[in-house]
Amino acid sequence: MTLVIPFISSAGGQERQAWKTALPEALDGIGIVKPFSDLSAPERQAATIAIVANPDSKEVAALPNLKWVHSLWAGVERLAKELPEDGPMIVRLVDPQMAETMSEAVLAWSLFLHRDMPCYGAQQRRSEWIEHELKLPEERRIGILGLGNLGQRSALRLRANGFPVSGWSRSEKHIEGLETHAGSDGLDTVLGQSDILVVLVPLTAETAGLVDSRAFSKLPRGAALINFSRGPVLNDGDLLKALDSGHLSHAVLDVFDQEPLPQKHPFWLHEKITVLPHISAPTVTRTAVRIVAQNISRYLQTGELPETVDRGRGY
Ligand code: NDP
């Protein structure tokens, strides 16, 4: 019997269409991919694997015999929170292309901050011609919170561009060329030596609100922030205070508590904030569907699953 693999997504328009074309092509010969709305009642009962992209968890719950879901997203905090503990296991997307894209974004925005672009942009708006002293990359320390798939690649790319990089993770790590730390003392060490702080931890019960006034107070005066993880990891009010007091010089934000960022949000017009519409590392359809197809095919042949999300840890 041909395997039917439900596809559940809250994505609209172009993105939904891209998946609807690419997934059946990539899974040709493995199974038939069907959008949730096209499933018959017996197909809902029979489904053991589903592919999801930020799905409505009610639709996932409507497939009672699911063993696991493969997310097309790397961040799965909502799924991990909403699906019952004894529900399907969650496999998130781990795509080397996404790590490459994220590391490019981290490098680009670190260079933007390193070369004082926010300051020169503000001067231009005031028609001011003022040169500032050039700092070399080796004089600009960058700290990365989160040394996973995305954080490690970003750290190594920054290192290759001459920046001294230190990183923080939950478990101890040894990565050539990087100074690494773990635990709460480790966090303060990394913060204390971050002229630019890059946030790439997943959103969990432990990381919600992690980047707050306490964290800012440990950063050197004049430090800048890049948050590419999730909005709730950052305390918005504390960020505004740290920018307005001059303790922080600038923040580049790609992720927010509410997305799209509400029209009246103070971040939009703040001179020291660069707002990006969650674009630092979008899923690349072509490479993502290949990884999903490989993972499902391997599971069907060997029963082996890729690493699943640890529900206790939240990522
Ligand atoms: P990984 O799960 O591979 O890595 C997460 C890292 O964070 C690990 O190093 C982990 O430590 C560390 N970490 C988690 N919790 C803690 C904690 N409590 N204390 C210290 N360190 C912690 O995730 P990815 O690198 O793939 O992705 C990171 C996040 O980036 C995603 O969860 C998502 O929110 C965001 N993202 C944003 C995108 C965008 O376009 N803006 C695109 C894709 C993802 P350890 O290694 O010890 O487990």
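Just so you know, these numbers come straight off a predicted model, no measurement behind them. Ligands are counted one by one from 1 in listed order, and the atoms in each one are counted from 1 as well.
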For the pair His250 (side chain) and Pro118 (backbone), establish whether a donor and an acceptor sit closer than 3.5 Å, ignoring hydrogens and angles.
no
Ligand 1 N/O within reach of Ala74 N/O, cut-off under 3.5 Å:
no
With a cutoff of 4.0 Å, is Met98 in contact with ligand 1, counting heavy atoms of the residue only?
yes
Side chain or backbone, does Ile279 bring an N or O within less than 3.5 Å of an N or O on ligand 1?
no
Separation of Leu83 CG from Ile90 CD1 (nearest 0.5 Å):
5.0 Å
protein heavy-atom neighbour closest to atom 31 (C) of ligand 1 works out as Gly75 CA, 4.1 Å
Counting heavy atoms under 4.0 Å, the part of Asp254 that contacts ligand 1 is side chain
Of the side chain and backbone of Lys173, name the one, both, or neither that has a heavy atom under 4.0 Å from an atom of ligand 1.
side chain
Any idea which protein heavy atom is nearest atom 19 (N) of ligand 1, and the distance to it?
Trp168 CH2, 3.2 Å
At a 4.0 Å threshold, what atoms of ligand 1 neighbour a non-hydrogen atom of His278?
39 (C), 40 (O), 41 (N)
State whether the shortest distance between N or O atoms of Thr207 and N or O atoms of ligand 1 falls below 3.5 angstrom.
no
So which heavy atom in the protein is nearest atom 25 (O) of ligand 1, and how far is it from that ligand atom?
Leu150 N, 2.9 Å
How many angstroms lie between atom CG of Leu93 and atom OG1 of Thr287, to the nearest 0.5 angstrom?
7.5 Å
Specify whether Trp68 and Tyr299 have parallel, tilted or perpendicular ring planes, treating 30° as the upper limit for parallel and 60° as the lower limit for perpendicular.
perpendicular
Ligand-residue contact atoms, ligand 1 with Leu200, heavy atoms, under 4.0 Å:
28 (C)
Does Leu203 come within less than 4.0 angstrom of ligand 1, counting non-hydrogen atoms of the residue?
no
Any idea which part of Arg170 is under 4.0 Å from ligand 1, heavy-atom wise: side chain, backbone, both or neither?
both
What class does the angle between the rings of Phe267 and Phe256 fall in, given that below 30° is parallel, 30 to 60° is tilted and above 60° is perpendicular?
tilted
Under a 4.0 Å heavy-atom limit, does Pro202 contact ligand 1 with its side chain, its backbone, both, or neither?
both
Side chains of Ser166 and His181: donor-acceptor distance under 3.5 Å anywhere?
no
So, does Arg78 use its side chain to make a donor-acceptor pair with the main chain of Pro55 at under 3.5 Å?
yes
Looking just at side-chain N and O atoms, do Gln97 and Thr101 make a donor-acceptor pair shorter than 3.5 Å?
yes
With a 4.0 Å cut-off, would you call Glu100 and Arg157 a salt bridge?
yes
Between Ser10 and Asn54 (side chain of the first, backbone of the second, donor and acceptor by atom type, cut-off under 3.5 Å), is there such a pair?
yes
Measuring from Leu219:CG to Arg214:CZ, what's the distance to the nearest 0.5 Å?
10.0 Å
Could an N or O of ligand 1 be found under 3.5 Å from any N or O of Asn149, whether backbone or side chain?
yes
Does only the side chain of Leu210 get under 4.0 Å from ligand 1, or the backbone, or both, or neither? Count heavy atoms.
neither
Checking a contact table here: which protein heavy atom is nearest atom 36 (N) of ligand 1, and how many Å away?
Arg230 NH1, 3.7 Å
How close does the nearest protein non-hydrogen atom get to atom 48 (O) of ligand 1, and which residue and atom is it?
Tyr315 OH, 2.6 Å
Give the residue, atom name and distance (to 0.1 Å) of the protein heavy atom nearest atom 37 (C) of ligand 1.
Phe228 O, 3.1 Å
the protein heavy atom lying closest to atom 39 (C) of ligand 1 turns out to be Ser280 OG, 3.3 Å
Check whether Phe36 forms a cation-pi arrangement with Arg44 (NZ or CZ under 6.0 Å from the six-membered ring centre, at most 45° off the ring normal).
yes
For atom 4 (O) of ligand 1, closest protein heavy-atom neighbour
Gly148 CA, 3.1 Å
Is Leu147 in polar range of ligand 1, meaning some N or O pair under 3.5 Å apart?
yes
Between Asp195 and His114, a side-chain donor and acceptor under 3.5 Å:
no
